[in-house]
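Below you'll find the structure, written out as structure tokens, and then a few comments.
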Amino acid sequence: MKYWLVKSEPDVFSIDDLAKSKNQTTYWDGVRNYQARNYMRDEMKKGDKVIFYHSNTKPPAAVGICEIVKEGYPDFTAFDPDDKHYDPKSKKENPAWYMVDIKLIKKFPKAVTLDEIKQNPKLKNMKLVQRGNRLSVMPVTKEEYDEIVRMGS
DNA sequence: GCCAACGTTGGC
DNA sequence: GCCAACGTTGGC
């Protein structure tokens, strides 16, 4: 099993939005970055655990955990000219972009802020806190995952 | 709102 | 294939 972290701007889609979604499940659409695409298309497997992180908000924080319930499939929002995430480069016969489905496991009783993550020596190697990191889907180690879950509980 | 960091685009 | 210009991300 692998462990991941995904970012979302809560103004766009928050963990509470996920909690309100049908079956507390959503498709993780709109990722338009090749490295993140590769992770979703090739490496995320059913049952993998995912830290849900709120970016571009005050304070930025890990706010809960989810799991992968459907493995990589074409991001259909790329095919729709009326969709915000439309990308004419992506064709149905050769999709450029992929997504997965994630289901909420739980919202943390206590959000783990970016500041707290930075201050924890066990978490100093996370991609999240490395300089200039902009990846919206990234792998984390089991140790990092467990530590963040512990801090959020 | 600012701006550093980074990915992508497109002219050459 | 280089690289300047541009757009986006995301913390502050």
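All figures in this text were calculated on a predicted structure; none of them were measured in a lab. A, B, ... follow the sequence lines: proteins, then strands. Residue 1 opens every chain.
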Return yes if some donor-acceptor pair links the side-chain N/O of K103(A) with the main-chain N/O of N23(A) below 3.5 Å, else return no.
-> yes

Starting at [atom1] of [X] and ending at [atom2] of [N], how long is that distance when rounded to a whole Å?
X       : N       : atom1 : atom2 : answer
M126(A) : dG10(C) : CE    : P     : 14 Å
N33(A)  : dT8(B)  : CG    : P     : 6 Å
K127(A) : dT9(C)  : NZ    : C1'   : 18 Å
Y34(A)  : dT9(C)  : OH    : P     : 15 Å
R37(A)  : dT8(B)  : CZ    : P     : 10 Å
D115(A) : dG10(C) : CG    : C1'   : 16 Å
W97(A)  : dG7(B)  : CH2   : P     : 13 Å
N133(A) : dG10(C) : CG    : C1'   : 10 Å

Verify the distance criterion only: is there a donor paired with an acceptor across the side chains of Y73(A) and D101(A) at less than 3.5 Å?
-> yes

Does a side chain donor of either N120(A) or E116(A) reach within less than 3.5 Å of an acceptor in the other side chain?
-> no

If you compare every side-chain N and O of [X] against the phosphate oxygens of [N] (OP1, OP2), does one of them come in below 4.0 Å?
X       : N       : result
R131(A) : dA4(B)  : no
K58(A)  : dG11(C) : no
K7(A)   : dT8(C)  : no
Y53(A)  : dT9(C)  : no

Sequence neighbours left out, what passes side chain to side chain donor-acceptor pair (under 3.5 Å) with N125(A)? Give chain and number order.
-> none

Starting from the 5' end of DNA chain B, give me the residue, K89(A) or N56(A), whose nearest nucleotide shows up first.
-> N56(A)

